[in-house]
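Working notes for the structure below.
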Amino acid sequence: MRRTALVTGITGQDGAYLAKFLLEKDYKVYGLIRRSVRHAFENLEYLGVDREIEYLNGDMTDESSLIKAVHQTRPDEVYNLAAQSFVGASWEQPHLTTQVNAIGVLNLLEAVKLHAPRARFYQASTSEMFGNSGREGLQTEDTPFHPRSPYAIAKLYAYWIVVNYRESYAMYCVNGILFNHESPIRGKEFVSRKVTDGVARIKLGLNERLHLGNLDSQRDWGFAGDFVEAMWRMLQQPEPKNYIVATGETHTIRELVEVAFRRVGIEDWEPHVFIDPAFKRPAELYTLRGDNSLAQRDLNWQPRVRFKELVEMMVDADLKRVEAEIASGRRPTGG
Ligand code: NAP
């Protein structure tokens, strides 16, 4: 029989890549979307999968809508990717972030417990839960958590409630502790896409400068297309377990900027970058680097796309998009 998956956050970056991956595996994919004046299907359209998904209305903060969605679909697998996913915004909207990222997960687990208790449940956990913890900046599944933002604190609640439902109700629930992962459809508020979109606009003469925060922050950046496969693999194991998904390599924001400018033929990039204190976080994270050996061993998973290739893929996609905007006469936005 055709397997079914219910994906929350389907309109986001990971939702779109995961939907594509599951459809290629012949899953019936249900996607939860929230009511809004205009639906944002660009990511799904970009990957050419928007018409193959069956959509259900719901919101993580509205338990009854989640109960209805699970009851209606009775999924074999549930992927909870929905979140207020931007760390910076979590200081501005800590209450909303907590409602969606923490209580929302409890709401969904309750819905699954009621109507699909045998479903396998994936929770989008995050490396942000570690804060600056970890020996020499390297994090494993056993590294103590020390979240440093309202986003990470809400995600930590979600992490533990998922573990608790596994232990209390014998449900198959896992946390994927994912390190940063990017793609051409990454939100423009995130530094990787902000840089690649900004560089494309500078190259095409629309902008002069990029405004950035701390160029020395280091991150472990992977490709979203690779990371969603690890999510699926976590739900195919004999026993539920939490896994780190990361590349194990770190790069500074400065390196990201250099690779992006070089891709468009600009070697002397410094005059184009303005260090803006407004973009510094109230509590900085300096280095995040994940040890993915457990995922390699149990899930037989490895990242395929490397840092330089990823940045170049994003720059190329942004150049195309901005050129299309210019050609269509639409007023270019962003930057
Ligand atoms: P994203 O592009 O920002 O997508 C977030 C999704 O959540 C969107 O589909 C959004 O819907 C939905 N959403 C937000 N609030 C909701 C609500 N109240 N009810 C229902 N849906 C809601 O995020 P992403 O990069 O794909 O990340 C996916 C998940 O992985 C998130 O939980 C994120 O926190 C986590 N994560 C991401 C990374 C990363 O590097 N990308 C790393 C670790 C963990 P709308 O389209 O309606 O806004």
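These numbers come from the heavy atoms of this one structure, side chains and all, not from hydrogens, waters or symmetry mates. Remember, it's 1-based here, ligands and their atoms both numbered in the order they're listed. Bear in mind that the values here come from a model prediction, so they are computed numbers and not experimental data.
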Are any of the N/O atoms on [X], whether in the backbone or the side chain, positioned under 3.5 angstrom from an N/O atom of ligand 1?
| X | value |
| --- | --- |
| Glu182 | no |
| Lys155 | yes |
| Ser125 | no |
| Leu32 | no |
| Ser127 | no |
| Asp59 | yes |
| Met60 | yes |
| Arg34 | yes |
| Ala40 | no |

To the nearest 0.1 Å, how far is [atom] from its closest protein heavy atom, and which atom is that?
| atom | answer |
| --- | --- |
| atom 43 (C) of ligand 1 | Leu178 O, 3.2 Å |
| atom 6 (C) of ligand 1 | Gly9 CA, 3.6 Å |
| atom 21 (N) of ligand 1 | Ala82 CB, 3.5 Å |
| atom 8 (C) of ligand 1 | Thr11 OG1, 3.6 Å |
| atom 42 (C) of ligand 1 | His181 CE1, 3.4 Å |
| atom 23 (O) of ligand 1 | Ser85 OG, 3.5 Å |
| atom 28 (C) of ligand 1 | Leu81 O, 3.4 Å |
| atom 2 (O) of ligand 1 | Gln13 N, 3.0 Å |

Can a donor-acceptor pair be found between the side chains of [X] and [Y] at a distance below 3.5 Å?
| X | Y | value |
| --- | --- | --- |
| Asp14 | Tyr79 | no |
| Tyr172 | Gln237 | no |
| Asp59 | Ser65 | no |
| Glu77 | Tyr27 | yes |
| Thr97 | Gln84 | yes |

Please round to the nearest 0.5 Å and tell me the distance separating atom [atom1] of [X] and atom [atom2] of [Y].
| X | Y | atom1 | atom2 | value |
| --- | --- | --- | --- | --- |
| His146 | Leu156 | NE2 | CG | 11.0 Å |
| Ile153 | Arg148 | CD1 | CZ | 10.5 Å |
| Leu212 | Ile275 | CG | CD1 | 6.0 Å |
| Trp221 | Leu310 | CH2 | CG | 9.5 Å |

Notebook entry, point to check: Taking the six-membered ring of Tyr30 as reference, does the NZ or CZ atom of Lys28 fall below 6.0 Å from its centre and within a 45° cone about the axis?
Noted result: yes
Next item on the list: Could you state whether Leu204 and Val273 fall into the same hydrophobic cluster, counting links through intermediate Ile, Leu, Val, Met, Phe, Trp or Tyr residues with side-chain heavy atoms under 4.5 angstrom apart?
Entry: yes
Please list, in number order, the atoms of ligand 1 under 4.0 Å from a heavy atom of [X].
| X | value |
| --- | --- |
| Ala83 | 5 (C), 7 (O), 13 (N), 14 (C), 15 (N), 31 (C), 32 (O), 34 (O) |
| Thr126 | 43 (C), 44 (C) |
| Asn180 | 40 (O) |
| Ala124 | 29 (C), 30 (O), 32 (O), 35 (C) |

Give the contacting part of [X] toward ligand 1: side chain, backbone, both or neither, where contact means a heavy-atom distance below 4.0 Å.
| X | result |
| --- | --- |
| Asp14 | both |
| Arg186 | side chain |
| Tyr151 | side chain |

Notebook entry, point to check: So, for Asn107 and Met60, which heavy atoms are closest and what is the spacing to 0.1 Å?
Noted result: ND2-O, 2.9 Å
Checklist line | salt_bridge(Arg201, Asp197) N-O dist < 4.0 Å | finding: yes
Notebook entry, point to check: Among Met171, Met234, Arg166, which residue meets the side-chain contact (heavy atoms from CB on, under 4.5 Å) test with Pro240?
Noted result: Arg166
Next item on the list: Using the ring-ring contact (aromatic ring centres under 6.0 Å, His included) rule, take Tyr159 and Phe145 through it: C-alpha gap first, then chi angles, then the decisive distance, then the call.
Entry: CA-CA 11 Å; Tyr159 171 95; Phe145 296 121; 4.9 Å; yes
Notebook entry, point to check: Out of curiosity, is Thr8 lining ligand 1, as in a heavy atom under 4.0 Å away?
Noted result: no
